[in-house]
Structure formats: C-alpha cells, structure tokens
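Chain A is the first sequence line, chain B the second, and so forth, proteins listed ahead of strands; every chain is numbered from 1.
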Amino acid sequence: MTLRLFNTLTGQQDELKPSDGDTIRMYACGPTVYDFGHIGNFRTFLQVDVLRRFLLLTGHKLRHVMNITDVDDKIIRNATAAGIPISEYTPRFVEAFFEDLDSLRVQRPEVIARATEHIEKMVELVEKLSATGAAYRTEDGSWYFRLSAFPEYGKLSKKDLSGMEDGARVDVDEYEKDSARDFALWKAAKPGETAWDTRIGRGRPGWHIECSAMAMEYLGDSFDLHAGGEDLMFPHHENEIAQSESVTHKPFADHWMHVRFLLVDGRKMSKSEGNFYTLRDLLLKGFKASAIRFALISVPYRHQLNFTFEGLTDATNAIDRLRTFYQRITTGSFPAGENADLQTACKDAHSKYMEALANDLNTAEARAPIFDLVRAANTAIDQGKFSTRDRDAVLAVLQAFDAVFDVLQDCDAEPTQRALEWAKSSGRMDDVAPELVERQSMTDEMIESLIAERTQAKKQRNFARADQIRNELAEKGVVLEDSKDGVRWKRK
RNA sequence: GGCGCGGUACCCAAGUGGUAAGGGAGAGGUCUGCAAAACCUUUAUGCGCCGGUUCGAUCCCGGCCCGCGCCUCCA
C-alpha cells in the first residue's frame with residue numbers, strides 16, 4: 001500500500017516511495033533545545049510519528065533522521081544569562097525533550113544528529129558554496145548565501161521575491177550583506193560566545209546550514225522526504241534547498257511535508273498571549289499523556305488543530321471507550337467458532353482504516369471504522385454471538401490501529417509520575433492538580449487487594465461494605481466494572 | 001499589501017456532484033443487588049451568506065461576510 005502524501009513542492013498529493021527502491025529516507029527538523037517543548041512542538045513530532053508508523057505498518061524500511069539544534073542565538077542568550085557554557089545549558093533540555101517524546105510514545109528516528117557534532121560538514125558546505133560564488137564573506141568574518149545565485153529561490157513556499165525590496169522588512173544595517181535577503185551561513189564569533197575555529201574562520205553555524213549538512217551526511221545529496229512545521233517552509237526549508245542544490249545541482253528532497261500549527265483557543269500559542277503550554281504543564285494538570293497524544297493526532301496534519309482542555313477531556317473519554325472494549329475482549333471468555341458478519345466487518349474496518357491513512361494520513365477518517373467495529377463487536381458480545389475467531393479478527397484490526405495511534409495500553413502512570421517528580425525537584429508543586437497526587441498514591445497491588453476484599457463482601461451479600469470499597473476506590477480515581485468474567489478496573 | 005487555509009449538529013471533526021462518518025456531551029430506555037460497561041432511541045430536510053453551472057451542489061464556479069496562519073525568531 002502506497003501513501004499519497006501532499007507535497008508542498010508540487011502542490012498536490014504525490015505517492016511517497018523509496019527512490020532507491022528499498023528504504024524511505026526522510027529528514028524531519030527537530031527541536032532547538034533552549035527550553036522545554038510545548039504542545040505545538042509536539043503536535044509536529046506526533047504527526048511525523050504517525051507518518052513513520054504508517055510507513056512501517058505498510059512494510060516500508062525507514063531511515064529517518066532528526067536533528068537537534070544545540071547551538072543558536074536563543075541558546076547562547078539563555079546560557080549567557082545563566083552564566084554557563086552552552087554545552088552545560090543544552091543537555092537538560094535534550095534529556096527533557098526525549099522524556100517528553102517517551103511520554104507521548106513518539107518513536108525514535110533511526111538517526112539523531114546534533115548540530116554541534118557536525119560542524120566540519122557545515123564548514124565543508126560553506127567552502128563549496130564559496131567556490132561557486134554562492135557564498136561570500138563579510139568584513140566581520142561571517143558568511144552569507146547569495147540569493148541571486150539561486151534563481152529558483154521561492155519554489156517551495158511559492159514566493160516571488162523579485163518584487164520584494166531590500167530594507168522593507170529586513171534590517172539592512174545589521175551586517176554588511178550584499179542584499180538584505182541574503183541569509184547567514186556562518187556567524188562570526190562575538191567576544192565570549194561559543195565558537196569553533198575552522199578553515200572558514202572562528203564562529204558558529206547558521207541555523208539553515210545545519211540541516212543541509214546533517215541531511216546530506218546521513219541521507220545523501222538527494223532523499224525522499226523532508227518534514228517540519230509549517231512555519232519552517234519559509235525561510236528555513238527554502239534556504240536549505242538553496243544551499244544544498246547550489247552545491248549538488250540535484251533536487252534536495254523530492255517530497256516536502258508541512259504540519260500545520262496548533263492553535264490554543266483559536267489563537268496561535270505564544271507566551272505573551274498567556275496560552276502557552278508545555279507537555280509537563282498538561283500532565284501536572286492531570287491530563288493523561290495518551291489523551292494528549294490522541295488529541296494532537298486526531299486532527300489530520302494538514303489542518304490547524306484548535307487545542308482546548310475540553311478537547312483533551314473528549315480524547316480521554318474516547319480512549320476510555322477503546323480501552324474498555326479492549327479489556328473486554330482480551331479478558332473475556334468466548335465460545336469457539338466465528339460470526340460471519342463480524343468477520344466481514346473486520347475486513348471492512350481494516351481496509352477503510354488503511355485507506356484513510358493512505359489518503360494523506362487522514363487520521364480523523366481512520367478513527368471512524370475502528371469505532372464502528374467496536375460497536376459491532378460489543379453488540380455481538382451482548383447478544384452472545386461473539387466467538388474466539390471473531391476476537392482474533394478484531395484484535396488484528398486493533399493491532400493495526402494501535403500500530404499508529406498507540407493508545408490502547410494504559411501506560412499513563414509513568415509519564416505522570418515523571419512529571420510529578422520533575423515538579424518536586426524544580427519547585428513546581430504549586431502547579432500540580434491536588435487530586436493527581438492522591439490518584440498516583442494507589443499502587444496496583446493496593447487496588448487489587450481492595451477489590452479482593454470487595455468480591456468477598458459481595459459473595460456474602462454484604463453490599464454496604466462492597467459499595468463502600470467501590471466508593472473509596474472511585475475517590476482515588478479507580479473505576480470498577482463487574483462482569484461475568486470477574487472484576488475489571490481502570491484508572492480514570 | 002502578497003501568499004495560503006478554514007467556516008458542517010451543543011462541542012470536536014470527516015466527507016461526497018445524487019442527498020450528511022466518527023468521537024465527546026445531553027435526554028430517554030434495556031440490562032444490573034446498586035453501579036460501571038455495553039446496547040437501543042434521540043440531537044443538521046441541514047453543511048457561513050448570495051448568485052451561477054447542473055436533471056440534481058454542502059461538495060464545482062463567481063462575489064460577499066467572518067475566523068485563522070505565513071510573509072521576521074518560531075513546530
């Protein structure tokens with residue numbers, strides 16, 4: 001099955017195929033590690049995760065590279081303010097970033113590349129650009145890319161720069177550039193700043209050259225797909241194309257995928273608007289990592305997603321329905337045999353699900369047949385028309401669903417616990433929802449033991465005691481469900 | 001100003017030239033010691049507004065209104 005993915009470069013859906021006939025080589029812009037990631041960042045990483053999981057599900061081999069920008073203006077600014085070198089400033093944010101990815105169950109790319117470990121490759125690129133006249137050095141020792149050397153500039157973002165006048169929106173006085181639109185490849189060291197001594201002088205790389213260098217290092221001159229947030233389309237990706245293709249004279253990436261922004265309450269998220277949330281903020285408010293994942297991927301990547309707390313609650317409840325069902329069929333006992341209607345329903349759901357994802361990763365559409373199947377199966381179970389082979393067929397569909405969505409298993413305690421520990425160690429306990437601490441206080445063993453006591457009480461028809469236990473557990477966020485196959489429980 | 005996206009039920013959100021998926025919430029019911037879960041019923045003759053094309057438009061075309069994003073660091 002081939003994915004039809006919208007391609008920013010061509011402006012249409014193109015099939016995504018490995019150009020070498022074997023492995024899809026893709027590059028996705030990673031974080032700049034100057035602070036904790038916010039949910040907007042993670043929407044993009046989650047959508048790329050959906051992409052990679054679907055490609056794996058459809059049997060593709062992947063070589064997915066993600067960069068970590070661990071040197072840039074903001075990092076230098078923050079590190080300077082903290083009075084430490086950037087090599088001491090960035091590691092904790094790198095670590096936090098991966099913790100957050102784990103919380104959201106985002107798979108690791110095959111290659112993770114740090115900018116500061118690829119300086120040599122960047123220098124090489126600047127030298128090559130210089131040799132062809134596409135790069136020039138200014139008096140202060142910085143290097144710039146000469147936009148006029150790349151006539152195709154603007155082909156990705158569909159911008160016509162010929163009508164733009166220098167100085168209109170760009171500060172021409174800051175550096176002695178030939179043209180205001182020329183962008184920095186290499187920034188000369190300022191006193192006290194982190195810098196590398198290289199053949200092109202002492203300084204540090206510009207942001208754009210990092211990605212070109214690392215993409216080429218691990219994927220070659222040309223590769224299949226380049227992904228990132230919509231804001232990166234211009235100028236970042238446009239600049240990557242200009243630099244790279246000026247050196248190689250080959251198409252940089254065949255396919256460009258851009259994830260649209262997440263809005264919060266209808267506005268772009270920003271610190272000044274007061275609608276800015278990190279993943280940790282939400283975990284401490286008591287939202288589950290799985291709900292955040294589900295909410296952020298359920299709106300297809302090509303649409304803006306309006307993030308609200310209500311949306312998170314909806315996602316929580318939707319997951320609950322799925323998990324309850326999953327528990328019901330995995331723990332229940334069913335007669336041997338099969339129900340022809342359900343077998344058909346399973347095939348149907350599976351093909352609709354796959355087709356929806358193959359159609360430009362339409363996650364919203366893909367959810368529908370899964371929920372349809374859940375209803376059909378629940379109905380069959382209620383009517384006693386659900387057999388072991390039906391269970392297996394349904395589980396196979398759920399497996400395909402979870403290969404991409406990954407929300408069926410309840411792994412929510414760990415991220416929450418981690419967030420709590422982080423809050424403790426960083427003095428942020430005031431941000432923690434009070435009921436969260438209480439809920440986390442019950443271990444599985446304590447819960448099981450209370451349930452055993454309640455079952456005993458019920459046998460003796462001591463319903464008062466049984467209900468008391470149930471209420472106690474409910475206060476701790478544990479919900480019980482009596483069934484003919486025993487008591488099932490889950491955390492709210 | 002330039003480029004682009006969107007406006008579908010109470011909320012979120014798919015979708016299609018032939019009459020509106022799915023999730024959440026609400027209401028009623030079945031089941032159950034009571035719950036929970038599940039299931040059933042119910043919530044848009046309607047898809048921003050006005051024209052046009054068509055046998056037929058929410059879906060195509062034109063205009064208008066509203067919201068949003070990018071054009072500068074930004075996922």
So does [X] pair up with [Y], basic N to acidic O under 4.0 Å?
X	Y	answer
A:Arg114	A:Glu210	no
A:Asp482	A:Lys458	yes
A:Lys385	A:Asp341	no
A:Asp360	A:Arg302	yes
A:Glu472	A:Arg454	no

Is there a Watson-Crick or G-U wobble partner for [N] with both distances under 3.5 Å, and which nucleotide is it?
N	result
B:A38	B:U30
B:C3	B:G69
B:A9	none
B:G62	B:C50
B:U16	none
B:A21	none

Testing B:A38, B:C34, B:A21 for proximity to the side chain of A:Asp467, the answer is B:C34

Options B:G33, B:C74, B:C39, nucleotide nearest the side-chain atoms of A:Lys268 =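 The closest nucleotide is B:C74.
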
Under 3.5 Å, is there any donor-acceptor pair linking the side chain of [X] to the base of [N]?
X	N	answer
A:Asn362	B:G15	no
A:Arg375	B:C39	no
A:Lys74	B:C74	no

What distance, rounded to whole Å, do you find between the two [atom1] atoms, one in [N] and one in [M]?
N	M	atom1	value
B:A14	B:C55	C1'	28 Å
B:C40	B:A21	P	15 Å
B:G52	B:A27	C1'	43 Å
B:A20	B:A44	P	12 Å
B:C11	B:C34	P	36 Å
B:U8	B:C47	C1'	4 Å
B:G24	B:A36	P	16 Å
B:C71	B:A75	P	12 Å

More 5' along RNA chain B: A:Ala376 or A:Arg470, using each one's nearest nucleotide?
-> A:Arg470

Residue closer to the 5' end of RNA chain B, A:Val299 versus A:Thr324 (nearest nucleotide) = A:Val299

With a 4.0 Å cut-off on heavy atoms, is A:Pro31 in touch with a base, just the backbone sugar-phosphate, or nothing at all?
->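 If one applies the 4.0 Å heavy-atom cut-off, A:Pro31 turns out to touch nothing in the nucleic acid.
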
Have a look at A:Ala364 and say if it touches a base, only the backbone sugar-phosphate, or nothing, with a 4.0 Å heavy-atom cut-off.
->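 It contacts base atoms.
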
Flag yes if more than 12 heavy atoms outside A:Arg389 fall under 6.0 Å of its CZ atom; otherwise flag no.
->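 Open: at most 12 neighbouring heavy atoms sit under 6.0 Å from CZ of A:Arg389.
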
Taking atom CD1 of A:Ile76 and atom CZ of A:Arg204, what is their separation to the nearest 0.5 Å?
->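 It comes to 3.5 Å.
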
Check this one for me: any side-chain N or O of [X] less than 4.0 Å away from OP1 or OP2 of [N]?
X	N	value
A:Asn378	B:C39	yes
A:Asn306	B:C12	no
A:Arg321	B:G22	no

Please tell me if the side chains of A:Asn7 and A:Trp256 come closer than 4.5 Å, counting only heavy atoms from C-beta onward.
-> yes

Does a side-chain heavy-atom distance below 4.5 Å link A:Ile329 with A:Phe386?
-> yes

Could you state the CZ-C1' distance from A:Phe309 to B:G24, rounded to the nearest angstrom?
->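 One finds 17 Å between C1' of B:G24 and CZ of A:Phe309, rounded.
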
Between B:A13 atom P and A:Phe371 atom CZ, what is the distance in whole Å?
-> 15 Å

Quick one: which protein N/O atoms are closer than 3.5 Å to N/O atoms of nucleotides 2-6 of chain B? Pair and distance per line, please.
residue, atom, partner, partner atom, Å
B:C5, O2', A:Arg260, NH1, 2.7

Using the six-membered ring for Trp and the full ring for Phe, Tyr or His, decide whether A:Phe463 stacks on the six-membered base ring of B:G33 (centres under 5.5 Å, planes under 30°).
-> yes

